[in-house]
There are 2 protein chains.
Amino acid sequence: MKVEAGTPILMEGSNAPQLYTALHGMGIRYKTLPSGDRQVINFVFPGDFVGLQAGVMGEMSHSVEASTAMTLCVFDRKALWSFFKDKPERAFDITWLAAIEEHFLGETLLTVGQRDALSAVAWALVKLLLRGRSVGLARNDRLPLPFRQQDLADALGLSLVHTNKTLRKLRVKQLASWADGVLQVNDLAALAALGQAGIAPMPKRPLI
Amino acid sequence: MKVEAGTPILMEGSNAPQLYTALHGMGIRYKTLPSGDRQVINFVFPGDFVGLQAGVMGEMSHSVEASTAMTLCVFDRKALWSFFKDKPERAFDITWLAAIEEHFLGETLLTVGQRDALSAVAWALVKLLLRGRSVGLARNDRLPLPFRQQDLADALGLSLVHTNKTLRKLRVKQLASWADGVLQVNDLAALAALGQAGIAPMPKRPLI
DNA sequence: CGTCTGATTGAGGTGCATCAATGCGCGTGG
DNA sequence: CCACGCGCATTGATGCACCTCAATCAGACG
């Protein structure tokens, strides 16, 4: 399936009969409050599995939207159960993905709850670069990042204005710059130190 | 296995060969930053499965500590794989638990990132009560809650002082009070409205 | 009784939000 | 071809929600 930028792929609360694997393009997962505030949960990279919650719990707990044009591989929900019955290795992979996701969510929570704005943004850029590396999208610490500053702000619980000012600080410090949809990291070690982030390569994810 | 209050059960980064199901007592899951800041990920209730990450990924991404005396059912890590091979329903249950956990973490992230202090505390108390109800610990909206204000503060990314003042506001408003290890909710509907929280009963979790 | 942990409350400072305005690139229609 | 609108980035000014510091208090325990 192909969708263009801005297309909603899954909606919070919906009982989607389909699951997807992102093959090309990027997107965001997010939740919204009745008041309209939005929290970006994380960013969807190529290879990511999307919709596990609907597959297991019968209902999505967050929405997914394409930030660029995307091509997706579509699964039927019933396929999930057949994995558990007939392909225990595949089932294990899926659980492993869920555990990875939980791990990352915990780190994000730590960031939003405890780090100040400068640390948080630094941490996020480090993670995005590492994630990009792990799927081969980064060349020379240069990574296409087709999101808006508002998306990053909503991911970190910051205002758009403050996120912008914080990015400028990182640019002035020559640590990293993000403009025109491309992130350029100049000093990964210093950036990681500022964000108290590890720089170990991310584990390879199984492709479902 | 029995442990007393304050005992660390699993440590972040450790490669624990054992998994647990909490039978009695309560605890907290948390992560810490090199700087010493702590983020409480969530609270462990009776029936909760603990250590899935170590079982699947080989390493815990957060620590678990007993807040009261606890009795735990101990599993060997190898048992996990045998579930996937021989008991697909059990394996599915485990994945389902992981999905539930992910769902809840997402809600927490939404809270920490977007809600203000009053909403956040109200939301947390609602969730704790519902969780308590679902395991039969709540009588008349009265629930034993053997944690410190510091724990709640660290869960919501607030300071201890501000958490205390926020709890006082809820007490003054006659919505809920938490003292001497017991939470008393007086007006669940109003509390949930303040916290923009749903009050649907939580789904029953499979006991592993 | 001292000591220790946890709750409570007041005072003062700040990191971040909010408000507001400008600029810039791009598509669209006159 | 230019005027206009629109989405997004940028920047300055102002205010407040929350943090930090500091003191007091109550109960538990040796």
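We name chains A, B, ... by the order of the sequence lines, and we start the count at 1 in each one.
For K165(B) and dG10(C), a side-chain-to-base donor-acceptor distance below 3.5 Å is present, hydrogens and geometry of angles not being considered.
If you check dT8(C), dA17(C), dT20(D) against the side chain of R171(B), the one that comes closest is dT8(C). Taking every side-chain heavy atom of A117(B) into account, dC18(D) is the closest of dA7(C), dC18(D), dT11(D). Across dT8(C), dG6(C), dA17(C), the shortest atom-to-atom separation from the side chain of R148(B) is found for dG6(C). Of the candidates dT18(C), dA9(D), dT20(D), the closest approach to any side-chain atom of V161(A) belongs to dT18(C). Picking from dG10(C), dA17(C), dA9(D) the nucleotide with the shortest atom distance to the side chain of N164(A) gives dA9(D). In the set dA17(C), dG6(C), dT10(D), dT10(D) carries the atom at the smallest distance from any side-chain atom of L160(A).
Near DNA chain C, meaning a heavy atom under 4.0 Å from it, residues 30-41 of chain A has no residue at all.
A donor-acceptor contact shorter than 3.5 Å is absent between the side chain of Q53(B) and the backbone of M60(B). Side chain of T166(B) to backbone of H162(B): a donor-acceptor contact under 3.5 angstrom is found.
A donor atom on one side chain and an acceptor atom on the other are not found under 3.5 Å apart for Q184(B) and N140(B). Using modelled atom types and a 3.5 Å distance limit, the side chains of N15(B) and R77(B) yield a donor-acceptor pair.
Atom CG of D180(B) and atom P of dG27(D) are 9 Å apart (whole Å). One interatomic measurement links the two molecules: CG of D154(A) to P of dA9(D), which rounds to 12 Å at whole-angstrom precision. Between the CG atom of D116(B) and the P atom of dC16(C) there is a distance of 17 Å, given to the nearest Å. Following rounding to the nearest Å, D151(A) (CG) and dG7(D) (P) show an atom-to-atom distance of 15 Å. Rounded to an integer number of Å, the gap from H162(A) NE2 to dT14(C) C1' is 11 Å. Separating the CG atom of L118(B) from the C1' atom of dC16(D) is a distance of 15 Å, rounded to the nearest angstrom. Here the C1' atom of nucleotide dC18(D) and the CD atom of Q114(A) are 14 Å apart, to the nearest Å. What separates CG of L158(B) from P of dT8(C) is a distance of 16 Å, to the nearest Å.
A salt bridge between R115(A) and D37(B) is absent, with no side-chain N of the basic residue lying under 4.0 Å from a carboxylate O of the acidic one.
Note on ring orientation: taking the six-membered ring where Trp is involved, the planes of W123(A) and F104(A) are parallel (angle under 30°, cut-offs 30° and 60°).
With Q149(A) as reference, N164(A) is the one residue of T163(A), D154(A), N164(A) to meet the side-chain hydrogen bond (donor to acceptor under 3.5 Å, both in side chains) rule.
One finds a side-chain N or O of Q149(A) lying less than 4.0 angstrom from the OP1 or OP2 phosphate oxygen of dT10(D).
Within 4.0 Å of G181(B), counting heavy atoms only, lies no atom of the nucleic acid at all. Among the protein residues, G6(A) comes within range of no part of the nucleic acid, since none of its heavy atoms lies under 4.0 Å from any strand.
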> Under the salt bridge (Lys or Arg N to Asp or Glu O under 4.0 Å) criterion, do E12(A) and R29(A) qualify, and how do the steps go?
Replying inline: CA-CA 10 Å; E12(A) 181 174 357; R29(A) 304 181 211 242; over 6 Å; no
